[in-house]
Every structure is written in C-alpha cells, then in structure tokens.
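Notes follow once the structure below has been shown.
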Amino acid sequence: MSQEIYIDGIGISPDVLAAIVVRSAEQVEGVASVGIKDLATNLVSMFSTRSQPTAPAVEASVEDDQLLLCVHVVVFFGYPFKKLAEVIREAVLRGIDAQVGVTVKRIDVCIDGLVFPKE
C-alpha cells in the first residue's frame with residue numbers, strides 16, 4: 001500500500017488505516033490474528049526462490065466520500081463466524097471513529113483461516 005487515501009479533506013496512508021484496523025480487530029476475543037501469520041508459510045517463503053504473493057491484512061478504499069474496509073482474519077475454532085464478524089466490525093468502527101473520525105460505509109470481514117485447539 002503506497003497511495004494515500006483522501007477522504008473528508010485529509011490524506012491518510014493506507015498503512016496508518018491498516019494499523020488502526022489491525023489493533024482494533026486483534027482486541028476481539030476469538031481473533032487469532034489479522035492477516036495470515038503462519039510461521040511455516042513465512043519460513044518457506046523466506047527460503048524459497050519463488051516469492052509467494054501475500055494478500056494485505058487490510059484493504060481500504062473510498063466511495064462517495066465514505067471509507068470502505070476489508071479486514072482479513074484468522075479465527076479460533078468455536079466462535080460462530082457471523083457473530084464474530086459483527087463484533088470485529090463494531091471494534092473496527094469504534095477504532096476508526098475514535099482515531100480518524102470519518103464515515104465508514106462498509107466493513108467486510110474475510111475469515112481466511114481457522115485455528116483448532118491442541119488436544
């Protein structure tokens with residue numbers, strides 16, 4: 001992410017928005033990580049000659065002067081997805097509102113992984 005996002009008269013780095021979203025979503029019970037943080041995958045990509053494209057943990061854009069967000073998470077088994085996604089949306093909305101103060105049109109939550117408890 002390199003281009004600033006312009007909304008409501010200010011330019012904000014997507015990395016800044018991502019930091020706020022990540023911090024907010026990580027506080028939600030049931031979220032294992034924001035983005036893919038798989039140690040095995042990271043080690044393989046470090047020692048591989050082929051670079052594996054990685055999706056950003058947070059995607060941000062603007063539509064009609066309102067912020068659109070997509071947050072990618074890995075969650076713990078046992079937390080119902082629909083309820084967890086709603087709690088994540090609420091936490092992210094509070095974080096963006098408190099720090100940035102712009103209107104958020106939509107927050108999409110993508111569950112990209114599931115962590116099972118060790119038995």
Side-chain angles (χ1 to χ4, degrees):
M1 291 186 205
S2 61
Q3 297 291 331
E4 283 190 342
I5 292 181
Y6 291 93
I7 184 169
D8 207 18
I10 57 174
I12 306 168
S13 165
D15 292 335
V16 170
L17 289 172
I20 296 165
V21 171
V22 168
R23 174 105 171 144
S24 300
E26 283 179 337
Q27 304 301 315
V28 174
E29 183 180 345
V31 173
S33 69
V34 179
I36 301 291
K37 294 179 183 168
D38 180 5
L39 180 60
T41 302
N42 288 343
L43 286 173
V44 168
S45 67
M46 282 175 42
F47 295 107
S48 174
T49 56
R50 296 180 295 176
S51 69
Q52 305 261 341
T54 56
V58 178
E59 299 165 39
S61 61
V62 175
E63 182 179 288
D64 299 327
D65 213 29
Q66 296 178 331
L67 191 59
L68 300 158
L69 296 168
C70 181
V71 57
H72 296 266
V73 295
V74 176
V75 300
F76 290 112
F77 178 79
Y79 291 85
F81 291 169
K82 188 173 181 178
K83 183 177 180 182
L84 185 57
E86 187 56 39
V87 175
I88 293 168
R89 279 187 201 95
E90 291 169 4
V92 168
L93 184 60
R94 281 193 309 271
I96 291 292
D97 186 49
Q99 188 66 42
V100 184
V102 298
T103 303
V104 178
K105 182 174 186 173
R106 186 175 75 230
I107 301 169
D108 293 327
V109 176
C110 297
I111 299 173
D112 294 339
L114 186 60
V115 175
F116 291 94
K118 294 195 178 209
E119 299 181 64

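It should be emphasised that the depicted structure is a prediction, and the values quoted were computed from it without experimental measurement. The analysis underlying the following values was restricted to heavy atoms, covering all of them including side chains, and did not include hydrogens, waters or symmetry mates.
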task: Give a yes or no on whether Val73 and Leu93 share a hydrophobic cluster (residues Ile, Leu, Val, Met, Phe, Trp, Tyr; joining criterion: side-chain heavy atoms under 4.5 Å apart).
output: yes
Nearest-0.5 Å distance, CD of residue Gln66 to CZ of residue Arg106: 11.0 Å
statement: Given the options Leu69, Asp97, Val104, Val92 meets side-chain contact (heavy atoms from CB on, under 4.5 Å) only with Leu69
- prompt: Given the rule that I, L, V, M, F, W and Y join up when any side-chain heavy atoms are under 4.5 Å apart, are Ile10 and Ile20 in one cluster?
  reply: yes
- prompt: How many angstroms lie between atom NZ of Lys105 and atom OG of Ser61, to the nearest 0.5 angstrom?
  reply: 9.5 Å
- line: Separation between CZ (Arg89) and CG (Asp108), nearest 0.5 Å, reads 7.0 Å
- prompt: Roughly how far, to the nearest 0.5 Å, is the CG atom of Asp15 from the CD1 atom of Ile5?
  reply: 9.5 Å
- prompt: How long is the span from the CD1 atom in Ile107 to the SG atom in Cys70, to the nearest 0.5 Å?
  reply: 10.5 Å
field: Validation row: Val34, Val71 side chains within 4.5 angstrom (heavy atoms)
entry: yes
Asp8 backbone acceptor or donor facing Asp65 side chain under 3.5 Å: yes
message: Measuring only between side-chain heavy atoms, which start at C-beta, is Phe81 closer than 4.5 Å to Leu114?
response: yes
field: Closest approach of Gly35 to Val74 (non-hydrogen atoms, all atoms of both residues)
entry: O-CG2, 3.6 Å
query: Which heavy-atom pair separates His72 from Pro56 by the least distance, and what is that distance?
result: CD2-O, 3.3 Å
query: Looking only at heavy atoms, which two atoms of Leu67 and Ala60 are closest? And how far apart?
result: CD1-CB, 4.5 Å
- line: Here the gap from Ile7 atom CD1 to Glu63 atom CD, rounded to the nearest 0.5 Å, amounts to 11.0 Å
field: Closest contact, heavy atoms only, Ala25 versus Ile88
entry: CB-CG2, 4.2 Å
statement: Scanning both residues in full, the closest heavy-atom pair of Pro117 with Phe77 reads CD-CB, 4.1 Å
- prompt: Are Phe76 and Val28 grouped together when hydrophobic residues (ILVMFWY) are joined by side-chain heavy atoms under 4.5 angstrom apart?
  reply: yes
message: Side-chain heavy atoms nearer than 4.5 Å, only ILVMFWY residues, links allowed to pass through others: does that put Leu68 and Ile12 together?
response: no
field: side chain to side chain contact (heavy atoms under 4.5 Å, CB included) between Val58 and Leu17, worked out
entry: CA-CA 8 Å; Val58 178; Leu17 289 172; 5.8 Å; no
- prompt: Are Glu86 and Lys83 close enough for a salt bridge, meaning some N to O gap below 4.0 Å?
  reply: no
